[in-house]
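Every value quoted in this text rests on a predicted model; they were computed, and no experiment measured them.
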Amino acid sequence: MSELPREILATAANVARGLAIDAVHASQSGHLGLPLGCAEIGAVLYGHALRHCPAHPEWMNRDRFVLSAGHGSMFLYAWLHLSGYREMTLDQIKRFRQLGSETPGHPELTHTPQGIEVTTGPLGQGIANAVGMAASAKMAEARFNTPEHAIFDHHIVCLAGDGCMQEGVAMEAIAFAGHQKLDNLILIYDSNAVTLDAMAKETQSEDVAKRFEAIEFDVQTVEGHEMDTFLTAFERARAAGSGKPQLIVAKTLIGKGIPEVAGTQKAHGEGGAKFAAAARKALGLPEAPYYVPDDVCAFFKEHEKGLDAAYQGWKAKFDAWKAKNPKLAEVLADSRASAFTVAEATKSRTSSATALFGAIPEFAADSKIATRKAGQDVLQPLAQATPLLIGGSADLYGSTLNYIGDLKAGDDDFKPGHPTGRNIRFGIREHGMCSILNGIAAHGIFRPSGATFLVFADYCRAAIRLAALSHLPVIYVFTHDSIGVGEDGPTHQPVETIPGLRVIPNLDVIRPADPEETAGAFVAALEHTDGPTLLALTRQAVPLLKEIPVKTRREGALLGGYVAKKETAPLELILLSAGSELQHAMKAAETLGPSTRVVSIPCFSRFERQPAAYRDEVLPKSCRKRVSIEATVTSTWAPYVGIDGIALGINRFGMSAPGGEVMKQLGMTAEHVIEAAKQLKGS
């Protein structure tokens, strides 16, 4: 361990405190407690211990730093600025929390161009994201390192507070990390005995060290303001070699530097900002705000030279690896984190929708299977064509059918001793699973997917929302998509879930009607690389809609909506549907005559992204008599049926009975469509 430059880093810690005080004071909004209380930790990490490179922020083998306690975002912005990240200028810090700035109130992957690894907002998410990054790093080491060239050997460092530790999602992820022996994860617990409302003793009394030791973590407890002590603990954690993830419990004084609030819940938010002038003086800073002295700038510029040298050394190793391993290099070039240029990565891509469709055999004309089973059949050739695709399930592989390879053999699990496995068993941890998937996606190497029952999307929603907000290309394979689940009853029958997910911006929700639309849905998910995709698949068997050409169904799912059955006489009526109820619209059209068109809209958001001319061609404005049918709450169909149309759906909870009987009882039939259409025609 090289000697720590204590004096200049102590100065830098106070400078970082000053930047946080000034930014929060100016915006009259923000959280000072963590940036002030963890300043020495930041100084050690960014001034000495972290492997990163401000001149090359895209470095694949950099250590990832995740601020799970995202409300303390000024901690991160201050240290990124001092470290030399070009985009994190002093002007951006002066615009903290202001319109259009790159310094929002919580770290956001898409708002700050450099140095932010993942969007952390709701507490605990960052811990789970860090666990996902650690899992991804383990997979990358196993998949790409060779005996001659270890191009991946970095660590994931996460700073979290009491609020993160109290959140259930964090505990789900931590248990997973311990079980999977993710010893490249270093979790720093800012233990300051304070939460927002009160002292932490009012809401927690567990022995954190014993708790983590019980779930297979190595634990160290240190004084967080003693830089040498913290560095010793950090270096010990980095080099542990115990096969266990690492926890450093750092005892800190929240709001250190503002005596009026330090150590109390008042320090958590902006309560101490009004003492800015006195705090600056006590910290040895001048009256003028946003002060960064020349010696601190000079230190970090010199430190950056060492970081750049480390990067250049790695780059030489990477180039040698690339020359010796062209096939592996081609695979890695298809990842989001590739060190190749965008142009090179684009040229290297062989996976177009056409190529992917070519890998999927057509389904037999007499097929009648659930779309979850169709998904299983589609997934296998797509996984062969997409080697960076990773699957996971929340203890439901036998039901969701998304295991890559042979589920019965179960021989390709990701686990200690087999980090090349493509299937992750998350256990009964739906929320943790989806947050971990976000971390895998943000890490940038692998394309993650995960599965559970659709009704449990409510457990996952916070993580799904953050994936959409962050433009992370996560794929959700959620099955048992409607009241067709049947006997399990209303607790397991999602009726409001699909509409509730459709309203999340940047999330594609695809509910295919039959096996061929399912093929299109999986390809659409793989092609959607700037946001997440959710596939909603049936438990019950559905007929193959062979009256619609295979090409039409597959490409129609890519487009989000298409004409499934075209009228043969002047258009008078349009029937619309999504998912398993399309069969009823098709059957009703046979009775309703040649002036009836049937439109399938498996994905509203994809359809809305099509040119207006195409959408108007599929749904001509001139035809206002429209009936939709879907086994969901009807609200999201209003834009398509219009004020003159009728939306058939289920605006109540389901019931326990065989699925077919529940569908019939709640009006999901062709007869109900015909009745509604006749009502329209008679009006």
Side-chain angles (χ1 to χ4, degrees), residues 49-65 114-115 117-118 130 132-157 180-186 238-241 243 304-351 383-390 404 412 414-422 424 439-448 473 529:
L50 277 183
R51 179 198 293 167
H52 66 123
C53 187
H56 298 279
E58 77 288 348
W59 183 12
M60 281 190 291
N61 198 40
R62 68 190 182 276
D63 289 340
R64 269 64 166 184
F65 176 80
Q114 301 172 341
E117 300 291 356
V118 68
M133 290 181 177
S136 180
K138 284 289 185 186
M139 289 188 277
E141 290 174 15
R143 195 79 73 89
F144 295 107
N145 285 358
T146 64
E148 195 174 356
H149 301 105
I151 60 169
F152 290 113
D153 64 351
H154 56 276
H155 282 72
I156 314 300
V157 181
Q180 292 290 350
K181 301 187 183 304
L182 300 180
D183 57 4
N184 55 346
L185 173 68
I186 301 174
R238 185 192 283 278
E304 189 179 345
K305 290 179 183 178
L307 296 173
D308 190 63
Y311 167 78
Q312 296 301 336
W314 174 88
K315 183 66 166 57
K317 181 193 294 186
F318 177 77
D319 289 341
W321 170 87
K322 188 167 60 169
K324 284 257 185 141
N325 303 278
K327 290 185 178 179
L328 281 177
E330 185 178 344
V331 172
L332 186 57
D334 209 36
S335 74
R336 299 173 84 227
S338 174
F340 296 93
T341 66
V342 173
E344 286 174 324
T346 301
K347 286 178 185 176
S348 74
R349 288 182 184 275
T350 57
S351 306
Q384 289 295 316
T386 315
L388 296 178
L389 179 66
I390 299 297
I404 296 173
D412 202 21
F414 170 78
K415 59 186 177 182
H418 192 240
T420 57
R422 296 182 69 178
I424 304 176
I440 295 173
H443 188 249
I445 308 295
F446 297 96
R447 187 71 185 277
T529 58

- Show the numbers, then the answer: is there a side-chain contact (heavy atoms from CB on, under 4.5 Å) between L388 and V331? CA-CA 8 Å; L388 296 178; V331 172; 3.7 Å; yes

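- No side-chain heavy atom of P54 sits under 4.5 Å from any side-chain heavy atom of Q114.
- Under the rule for a side-chain contact (heavy atoms from CB on, under 4.5 Å), the partners of A441 that lie at least two apart in sequence or sit in another chain are P448, L472, P473, V474.
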- Task: Check the pair N145, I151 against side-chain contact (heavy atoms from CB on, under 4.5 Å), reporting the backbone distance first and the verdict last.
- Result: CA-CA 6 Å; N145 285 358; I151 60 169; 3.6 Å; yes

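- With hydrogens and angles disregarded, a donor-acceptor distance shorter than 3.5 Å links the side chain of T146 to the backbone of H149.
- For the atom pair CG of N61 and CZ of F144, the computed distance is 13.0 Å after rounding to the nearest 0.5 Å.
- The CG atom of L328 lies 5.5 Å from the CH2 atom of W321; values are rounded to the nearest 0.5 Å.
- Evaluation of the salt bridge (charged side-chain N to carboxylate O under 4.0 Å, His left out) rule for D63 yields R238 as partners, not counting sequence neighbours.
- Under the ring pair (Phe, Tyr, Trp, His ring centres under 6.0 Å) criterion, H155 pairs with no residue, sequence neighbours left out.
- Residues R51 and D153 form a side-chain contact, since some pair of their non-hydrogen atoms from C-beta on lies under 4.5 Å apart.
- Not a single donor-acceptor pair under 3.5 Å links the side chain of R64 to the backbone N or O of A134.
- F446 places none of its side-chain heavy atoms less than 4.5 Å from the side chain of S335.
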Residues 135-143 side chain polar contacts: donor-acceptor under 3.5 Å, at least two apart:
from	atom 1	to	atom 2	distance (Å)
S136	OG	H443	ND1	2.8
K138	NZ	D183	OD1	2.5
R143	NH1	P387	O	3.0

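- H418 is listed as a side-chain neighbour of D412, based on a closest heavy-atom distance under 4.5 Å.
- No side-chain heavy atom of N184 sits less than 4.5 Å from a side-chain heavy atom of M133.
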- Item | From CA spacing to verdict: side-chain contact (heavy atoms from CB on, under 4.5 Å), F318, L332 | CA-CA 12 Å; F318 177 77; L332 186 57; 3.8 Å; yes

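- When the options E117, H56, H52 are evaluated for a side chain to side chain donor-acceptor pair (under 3.5 Å) with R62, the one that passes is E117.
- Every residue meeting the side-chain contact (heavy atoms from CB on, under 4.5 Å) condition with A55, not counting sequence neighbours, appears here in chain and number order: C53, R86, E304, D308.
- For the atom pair CD1 (I445) and CZ (F152), the distance works out to 4.0 Å, reported to the nearest 0.5 Å.
- How far CG of L50 is from NE2 of H154: 12.0 Å, rounded to the nearest 0.5 Å.
- Contact annotation: the side chain of I424 approaches that of I390 to within less than 4.5 Å [non-hydrogen atoms, C-beta and beyond].
- For K324, the salt bridge (charged side-chain N to carboxylate O under 4.0 Å, His left out) partners two or more places apart in sequence, or in a different chain, are E148.
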